[in-house]
There are 2 protein chains.
Amino acid sequence: MNTPVLAGSPATAEVPCTHLDTTARFFRALADPTRLKLLEFIQRGERTSAECVEHAGISQPRVSVHLSCLVDCGYVSARRDGKKLRYSVGDPRVADLVMLARSLAADNAAALDCCTRIPGEGEQR
Amino acid sequence: MNTPVLAGSPATAEVPCTHLDTTARFFRALADPTRLKLLEFIQRGERTSAECVEHAGISQPRVSVHLSCLVDCGYVSARRDGKKLRYSVGDPRVADLVMLARSLAADNAAALDCCTRIPGEGEQR
DNA sequence: AGCAGCTATTTGCTTACCCGCATAGTAAGG
DNA sequence: CCTTACTATGCGGGTAAGCAAATAGCTGCT
């Protein structure tokens, strides 16, 4: 399967890592443009999967995985409505977090662009 | 997809999609336990690279890269003091962000753990 | 039950990014 | 200058995680 974010850490598997590891995973869930897009989309109103698929512009399976991840991580909740599932954001702190991040990111947009690639090794294709 | 990000009103307004990539990158910078650890370390007081290396417990080159990333992303700023560079956190919003994330992550720790695991019982690949 | 629509999982490939080790570059001080 | 201390970059390897496409599994309606 392909649970998007989060999988076992490389060298730090069973370390009594306090919140660091958890928080890092938490952030990683938001570190993907697609999930971020979906989250903000759902934030603006309850959405069905189909709407999410269309909004995200990627395949349904991918969206399904991303949504599952967001649900698992507690960002959004799912509710069945007939044949469909409807997703919504339950925790108001999520909005705060995103807003705060957007504010900071906007202020450092130029620098962030510069930081696109950390090491700067072979890339391209 | 690579939009240059046009900085709009931070804490207000509608949300264009422009910032998505930038914000994702912003979160990605915090999606690593090591960087998170360094950030919180620096948050508690100005630190030299050497102190960061010792605190992080990884090689100096790695720490250098992580610190560069944090600086590039605007989380911390560097100041030269004699031969050394001293790092500190300038923006109070950083602390807010981390605290908010920790709060949310703590509440969803179980779910996050679940998302961490690989679905199949056995091995992955 | 059987069909149709919606959602989740599997497979295979590719890229991103973590690490340590070795080394190159640069700013201070003698 | 030249040396030394500090910081940054290059290389190679390994793992996580992204995507598309095909497919399996549910759920509700007729």
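Given the structure is predicted, the values throughout are model-derived calculations rather than measurements. Residue numbers begin at 1 in each chain, while the letters A, B, ... track the order of the sequences.
Heavy atoms of B/L67 sit nowhere under 4.0 angstrom from any nucleic acid atom. In this structure, A/T34 reaches the sugar-phosphate backbone alone: every heavy-atom distance under 4.0 Å involves primed, P, OP1 or OP2 atoms, never a base.
The side chain of B/K84 sits closest to D/dC6 out of D/dC6, C/dC17, C/dC6.
Residue B/S59 places none of its side-chain N or O atoms closer than 4.0 Å to OP1 or OP2 of C/dC21. Phosphate proximity of C/dT7 to A/S49: present, with a side-chain N or O under 4.0 Å from OP1 or OP2. For D/dA17, neither phosphate oxygen OP1 nor OP2 lies less than 4.0 angstrom from any side-chain nitrogen or oxygen of A/H66. Between C/dT7 and A/S64, no contact under 4.0 Å exists linking OP1 or OP2 to a side-chain N or O. In this structure, B/R62 does not reach the C/dG20 phosphate: none of its side-chain N or O atoms is under 4.0 Å from OP1 or OP2.
Counting non-hydrogen atoms of neighbouring residues, nucleotides and ligands closer than 6.0 angstrom, the CD atom of B/E54 reaches no more than 12 such neighbours.
B/E40 has a carboxylate O that lies under 4.0 Å from a charged side-chain N of B/R102, or vice versa, which qualifies the two as a salt bridge.
Listed by chain and residue number, nothing satisfies the side-chain hydrogen bond (donor to acceptor under 3.5 Å, both in side chains) test with B/S77 (two or more places apart in sequence, or in another chain).
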Distances under 3.5 Å between protein N/O atoms and the N/O atoms of nucleotides 25-30 of chain C, please, pair by pair.
| residue | atom | partner | partner atom | Å |
| --- | --- | --- | --- | --- |
| C/dA28 | OP1 | B/R80 | NE | 3.2 |

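Heavy-atom minimum distance, A/R93 versus B/S103: NH1-OG, 2.5 Å. Here the shortest heavy-atom pairing between B/L70 and B/A29 reads CD2-O, 4.5 Å.
Here C/dC17 presents its P atom at 16 Å from CZ of B/F27, a figure rounded to the nearest Å. To the nearest angstrom, C1' of C/dA16 lies 11 Å from CZ of B/R35.
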Legend entry - From CA spacing to verdict: ring-ring contact (aromatic ring centres under 6.0 Å, His included), B/Y75, B/Y87: CA-CA 10 Å; B/Y75 289 109; B/Y87 296 89; over 10 Å; no
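Atom OG in A/S88 sits 8.0 Å away from atom CD1 in A/I42 (nearest 0.5 Å).
B/F41 carries B/R47 over the face of its six-membered ring, with the cationic atom under 6.0 Å from the centre and within 45° of the normal.
For the segment residues 50-58 of chain B, the set of residues with a heavy atom within less than 4.0 Å of an atom of DNA chain D is empty.
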